[in-house]
Amino acid sequence: MYQESIFPYYFLFLQEKIMSLIRVILSIIFPPLAVLDQGCGSILIVFILTLCGWIPGVIAALVILNKS
């Protein structure tokens, strides 16, 4: 009998978790770069908040990443 391997599904799950971790680290280091694929409005908002202060930019980037 043919038994399907779970390795491809586990690899996709692991890849998704690693990318999420990379985005969180990136949002702490440079928040506008972390939301680059979320649209122009998100990038602009996070960029302006980062100019006002690093912590508001990080919070906004984490909130935007959490929504997607």
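Because the structure is predicted, anything quoted here is derived from the model rather than measured.
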TODO: Give the cluster check for F30 versus I43: same hydrophobic cluster or not, with ILVMFWY residues linked at side-chain heavy-atom distances below 4.5 Å.
DONE: yes
Open item on the list: Can you give me the closest heavy-atom contact between V46 and A60, atom names plus distance?
Closed with: CG2-CB, 4.1 Å
Open item on the list: As an exercise, state the distance from CD1 of I55 to CD1 of I59, rounded to the nearest 0.5 Å.
Closed with: 6.5 Å
Open item on the list: Could you measure the distance from the CD1 atom of I18 to the CG atom of L14? Nearest 0.5 Å is fine.
Closed with: 4.0 Å
Task: Cluster overlap F47 with I29, hydrophobic side-chain contacts below 4.5 Å - done: no
Task: Closest contact, heavy atoms only, I28 versus V58 - done: O-CG2, 3.9 Å
- [ ] Determine which pairs satisfy side chain to side chain donor-acceptor pair (under 3.5 Å) with at least one residue from residues 20-35, sequence neighbours left out, and list them in order.
- [x] R23-D37
Open item on the list: For residues L26 and L36: do they belong to one hydrophobic cluster (side chain heavy atoms under 4.5 Å, members Ile, Leu, Val, Met, Phe, Trp, Tyr)?
Closed with: yes
- [ ] Indicate yes or no: at least one non-hydrogen side-chain atom of T50 is less than 4.5 angstrom from one of P32.
- [x] yes
TODO: Answer with yes or no whether the hydrophobic clustering places L51 together with I45; edges join I, L, V, M, F, W, Y residues whose side-chain heavy atoms lie under 4.5 Å apart.
DONE: no
Open item on the list: Is there a path of hydrophobic side-chain contacts, each under 4.5 Å between heavy atoms, that joins V24 and V63?
Closed with: yes
